[in-house]
Colleague: 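Quick one: the structure is below, and I'll ask about it shortly.
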Amino acid sequence: NVQRLDVKQLLVTMRSQNVNTGFMSPSVWKRLLRYCRSENKKIPSSVKFTASGGSPLHPKFHSEIIDCFDSQFGQHISVYALTEGLPLASIGSYEVLNNCSKWTKIGGGICLGRAIDGLKVKITPLSFINNDEVSAFHDNDADNLDSDTLLLCCPNPKEIINKNAAFQKFGEISLSGNNLTLGSNKYHDTGDVGYLDLADRIWLCGRKSHIVRSKSGRFLCSVALESIVNYLPSIEQCALVSSIEGRVVLFIEPTVLFG
């Protein structure tokens with residue numbers, strides 16, 4: 001239970017044992033950072049490298065963990081992993097903050113980084129969502145993109161594409177690797193929706209099963225929209241859902257002091 005974790009003792013142990021590398025789940029790091037913010041504490045200067053695996057990390061996390069280090073610090077490495085095929089991609093804090101965070105702010109999703117060596121990532125078109133036909137999207141479709149009807153993400157997919165000028169394809173993410181390949185042309189469907197940029201970085205817009213359709217007929221990707229709201233300092237995290245009446249609902253967890 002993460003809430004029962006004694007992060008004060010964790011910091012004491014890191015300092016007394018002169019720890020220089022740390023790998024923990026995102027939930028543990030977030031609790032540790034919340035404690036550091038609340039108590040004005042720093043991660044010991046001996047720590048030069050940190051990492052986490054599992055869920056994608058918002059750019060705000062990367063900024064906060066760098067601010068919490070007590071000395072010159074390498075960076076935090078975020079590894080995006082699948083239960084059935086670990087891992088998929090990785091990215092460092094400085095690449096996130098210098099090259100990717102500006103697109104997250106306008107609805108581009110979360111950058112997962114480049115695929116791990118040995119894995120080949122493929123983006124396949126979304127053929128349907130909620131039984132509604134959706135045409136495949138490619139980078140040369142940008143001029144004809146209707147931001148009110150295409151599923152991509154929020155707030156304005158056409159704006160993102162024109163400013164970023166880096167989309168290859170948008171659709172379902174699949175991967176092939178030594179541990180997942182069933183045949184030379186077989187891919188594993190991750191269940192995620194996203195795209196590749198021209199630097200071969202994978203961007204996550206959400207789970208396919210979590211796409212929400214508004215009353216106006218617009219398709220909203222959960223991670224892409226939630227990441228915009230999560231930039232607000234008063235919000236810890238949020239969740240996009242669709243109510244029974246078809247209304248789009250956003251649940252919000254406010255930022256609180258450590259406790």
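Residue numbers count from 1 along this sequence. Note that the coordinates shown come from a computational prediction; the quantities given were computed from them, not determined experimentally.
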Colleague: Could you tell me the separation between the CG atom of Leu204 and the OH atom of Tyr80, rounded to the nearest 0.5 Å?
Modeller: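 Reported to 0.5 Å precision, the distance equals 5.0 Å.
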Colleague: Would you check if Thr104 and Trp203 make a side-chain contact, meaning some heavy-atom pair closer than 4.5 Å?
Modeller: yes
Colleague: Could you state the interatomic distance from NE2 (His62) to OG (Ser93), rounded to the nearest 0.5 Å?
Modeller: 5.0 Å
Colleague: Can you list every salt bridge (Lys or Arg N to Asp or Glu O under 4.0 Å) pair that touches residues 93-104, not counting sequence neighbours?
Modeller: Glu95-Arg114, Glu95-Arg201
Colleague: Checking Arg207 now: which residues fulfil salt bridge (Lys or Arg N to Asp or Glu O under 4.0 Å) with it, not counting sequence neighbours?
Modeller: Asp192
Colleague: Report yes if the side chains of Val248 and Leu220 come closer than 4.5 Å at any heavy-atom pair, otherwise no.
Modeller: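 The answer is yes; the side chains approach within 4.5 Å.
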Colleague: Test of understanding: with ring-ring contact (aromatic ring centres under 6.0 Å, His included), list the residues that count as partners of Tyr231, not counting sequence neighbours.
Modeller: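 His58.
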Colleague: When you measure from the side chain of Trp29 to the backbone N and O of Ala51, does any donor-acceptor pair fall under 3.5 Å?
Modeller: yes
Colleague: Could you pull out all residues at least two apart from Gln17 that satisfy side chain to side chain donor-acceptor pair (under 3.5 Å)?
Modeller: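 Result, side chain to side chain donor-acceptor pair (under 3.5 Å) vs Gln17: none returned.
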Colleague: Scan residues 54-66 for pairs that pass salt bridge (Lys or Arg N to Asp or Glu O under 4.0 Å), counting only residues two or more places apart or in two chains.
Modeller: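 Listed once each, the pairs are Arg37-Glu64.
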Colleague: Kindly write out the residues that satisfy side-chain contact (heavy atoms from CB on, under 4.5 Å) with Thr21, not counting sequence neighbours, or none if the list is empty.
Modeller: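 Phe49.
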Colleague: For Lys41, look at atom NZ and say whether over 12 heavy atoms of other residues, nucleotides or ligands are found less than 6.0 Å away.
Modeller: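 Atom NZ in Lys41 is not crowded, with 12 or fewer foreign heavy atoms closer than 6.0 Å.
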Colleague: For Ser55, what residues pass the side chain to side chain donor-acceptor pair (under 3.5 Å) criterion, not counting sequence neighbours?
Modeller: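 Here no residue qualifies.
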Colleague: Excluding sequence neighbours, so at least two apart, what forms side-chain contact (heavy atoms from CB on, under 4.5 Å) with Cys238?
Modeller: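 For Cys238, the residues satisfying side-chain contact (heavy atoms from CB on, under 4.5 Å) (neighbours in sequence not counted) are Glu226, Val229, Asn230, Leu250, Ile252.
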Colleague: If I take atom CH2 from residue Trp103 and atom CG from residue Asp197, how far apart are they, to the nearest 0.5 angstrom?
Modeller: 10.5 Å
Colleague: Under 4.5 Å between any side-chain heavy atoms of Leu11 and Leu32, yes or no?
Modeller: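 Result yes, sub-4.5 Å side-chain heavy-atom pair found.
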Colleague: Tell me, do Lys30 and Leu57 make a side-chain contact under 4.5 Å, heavy atoms counted?
Modeller: yes
Colleague: Could you tell me whether Arg34 and Glu236 have a side-chain N and a carboxylate O separated by less than 4.0 Å?
Modeller: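 So Arg34 pairs with Glu236 through a salt bridge.
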Colleague: Using side chain to side chain donor-acceptor pair (under 3.5 Å) as the criterion, list what pairs up with Ser52, not counting sequence neighbours.
Modeller: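 Once residues adjacent in sequence are excluded, the partners of Ser52 under the side chain to side chain donor-acceptor pair (under 3.5 Å) criterion are His76.
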Colleague: Nearest 0.5 Å please: distance from the CG atom of Leu5 over to the CG atom of Leu10.
Modeller: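 Leu5 atom CG to Leu10 atom CG measures 6.0 Å (nearest 0.5 Å).
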Colleague: Would you say that Val47 contacts Thr50 through its side chain, given a criterion of any heavy-atom pair below 4.5 Å between the two side chains?
Modeller: yes
Colleague: Could you tell me if the side chain of Thr255 sits less than 4.5 Å from the side chain of Leu232, heavy atoms only?
Modeller: no
